[in-house]
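Order of the sequence lines fixes the chain letters, A, B, ..., with proteins taken first and strands second; residue numbering starts at 1 for each chain.
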2 protein chains.
Amino acid sequence: MGLRERKKAQTHAALSWAAVRLAVERGYDKVKVEDIAEAAGVSPRTFNNYFSSKAEAIAFRHLDRCLRIAEALRERPEGPLWDAVTHSVLRQFEPDEEAVAHPPATDAAQWTAGVRVMVEEPALRGEMLRAGAVTEAEIAVAVAERIGGDAERDLYPHLVASAVMGAVNTVIAHHLRTGPSVPVNDLLTDALARIGAGLSTP
Amino acid sequence: MGLRERKKAQTHAALSWAAVRLAVERGYDKVKVEDIAEAAGVSPRTFNNYFSSKAEAIAFRHLDRCLRIAEALRERPEGPLWDAVTHSVLRQFEPDEEAVAHPPATDAAQWTAGVRVMVEEPALRGEMLRAGAVTEAEIAVAVAERIGGDAERDLYPHLVASAVMGAVNTVIAHHLRTGPSVPVNDLLTDALARIGAGLSTP
DNA sequence: CTAAAACTTGCGGGCCCCGCAGATTTGCGG
DNA sequence: CCGCAAATCTGCGGGGCCCGCAAGTTTTAG
């Protein structure tokens with residue numbers, strides 16, 4: 001990868017992390033695109049060369065994490081489908097090197113509180129759901145590859161993908177509602193097992 | 001219901017139907033809020049008293065249809081859960097009296113083509129997914145009521161709701177992709193049966 | 001009939017997002 | 001090391017969206 005692409009990736013990341021941090025700290029609509037651009041060290045105009053909206057910049061962190069599920073699924077083409085799915089999902093909920101490096105500067109409680117408020121923002125919810133939908137399409141393709149189907153014509157891969165993302169989203173929401181009394185991993189494992197029970201390969 | 005509320009409901013419907021019709025005919029970003037307001041016979045300012053964004057006005061038709069699923073589910077508290085779910089979903093895909101009355105003026109093929117283009121619009125996708133999420137919450141409450149659980153604390157109702165909406169969304173997407181070669185009802189019945197198999201009451 | 005409550009509308013303003021064109025930086029052979 | 005072509009950054013300008021506010025108008029209730 002040349003210097004050019006590396007710089008681009010850096011700016012991309014810097015912008016999205018800055019967007020998340022500021023929105024969590026101050027609240028979504030008290031952050032101007034100008035602020036995000038400044039925090040990332042680029043001009044306001046450049047912001048929109050990287051993201052087509054403020055919400056997209058924030059949701060990009062979510063998209064990035066979700067897409068790794070599909071990626072992990074591709075890298076694990078052996079074994080039963082639902083084992084691979086469960087493993088691929090769980091892996092994305094381990095502590096992340098990049099995550100701990102980027103958005104510190106607040107204690108955990110205050111941070112989660114800020115996140116809870118932020119994800120209520122309608123524009124943001126829509127954008128995050130869209131990220132989930134993009135991921136779903138990727139997972140569907142990965143599943144189709146694995147079982148030798150066609151993501152264009154068959155319903156089954158999309159059904160699986162939808163079930164997976166549904167379980168993930170539901171568990172995340174449940175976790176944000178009820179707090180960390182039950183480990184996320186256990187919830188995910190349980191949810192995926194239930195959902196997967198009805199979706200054995202046709 | 002007083003005159004006041006009836007007029008409000010009328011304006012609400014007029015605005016959303018006009019928004020859909022214009023967006024399908026001309027394309028999302030060639031429709032200005034001003035146009036929608038004019039088509040519904042109100043001032044541009046009034047539009048935003050009813051909807052907080054252009055996308056929301058269009059997606060409202062989708063939201064309305066989806067919410068009827070939860071409503072139907074409540075009205076059918078007897079029998080096995082998944083029978084009731086399947087029945088409630090299928091009912092919303094019958095021809096609709098209001099639907100045939102409002103957006104005519106084009107042949108079916110051209111209309112679906114327009115819809116296909118429209119739903120690609122990112123802002124709109126997000127808003128429609130958000131409508132699905134709102135519905136999901138409603139369904140979760142309905143399911144919790146039915147099985148005597150608590151939508152606030154239990155995961156299961158949300159898991160069911162997510163699975164239902166996932167199946168519905170997936171089937172709709174599949175139908176838009178592949179055309180009307182297979183009846184939607186059959187796809188829905190099949191998808192719900194598969195999904196439901198893993199989610200019998202815990 | 002009258003007063004309060006609810007709704008509509010125009011105005012003003014802030015912000016977002018994008019097209020365009022000129023300056024700047026990077027990649028690549030010579 | 002040089003200089004050119006391509007990619008990128010930036011400022012400017014503008015269209016459009018959305019909302020608060022303060023009349024003006026309609027509906028409701030007593």
Respond yes when some side-chain nitrogen or oxygen of [X] is under 4.0 Å from OP1 or OP2 of [N], and no when none is.
X     : N      : answer
B/K7  : D/dT27 : yes
A/Y50 : D/dC9  : yes
A/S43 : D/dT10 : yes
B/K8  : C/dC7  : yes

Write down the distance between [atom1] ([X]) and [atom2] ([N]), rounded to a whole number of angstrom.
X      : N      : atom1 : atom2 : answer
A/N49  : C/dC18 : CG    : P     : 9 Å
B/I36  : D/dC18 : CD1   : C1'   : 13 Å
A/E121 : D/dC18 : CD    : C1'   : 13 Å
A/K32  : C/dC15 : NZ    : C1'   : 9 Å
A/K30  : D/dC19 : NZ    : P     : 17 Å
B/R6   : C/dA6  : CZ    : P     : 19 Å
A/K54  : C/dC16 : NZ    : P     : 5 Å
B/F51  : D/dC18 : CZ    : C1'   : 15 Å

Salt bridge present between A/E5 and A/K8 (N-O < 4.0 angstrom):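 No.
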Carboxylate-amine/guanidinium contact A/R116 A/E120, below 4.0 Å: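 Between A/E120 and A/R116 there is no salt bridge, as every charged N stays at least 4.0 Å from the carboxylate O atoms.
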N/O donor-acceptor pair, side chain A/R45 with base D/dG13, under 3.5 angstrom: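 There is none.
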First of B/A55 and B/R4 reached from the 5' end of DNA chain D, by closest nucleotide: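 Final value for this comparison: B/A55.
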Pair B/H62, B/R130: side-chain N/O donor-acceptor within cut-off below 3.5 Å: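 Not at all, the side chains of B/H62 and B/R130 share no donor-acceptor pair under 3.5 Å.
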Donor on one side chain, acceptor on other, B/R153 and A/H174, under 3.5 Å: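 Absent: no donor and acceptor within the cut-off.
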Sub-4.5 Å side-chain heavy-atom contact between A/I195 and A/V164: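 Sidechains of A/V164 and A/I195: no contact.
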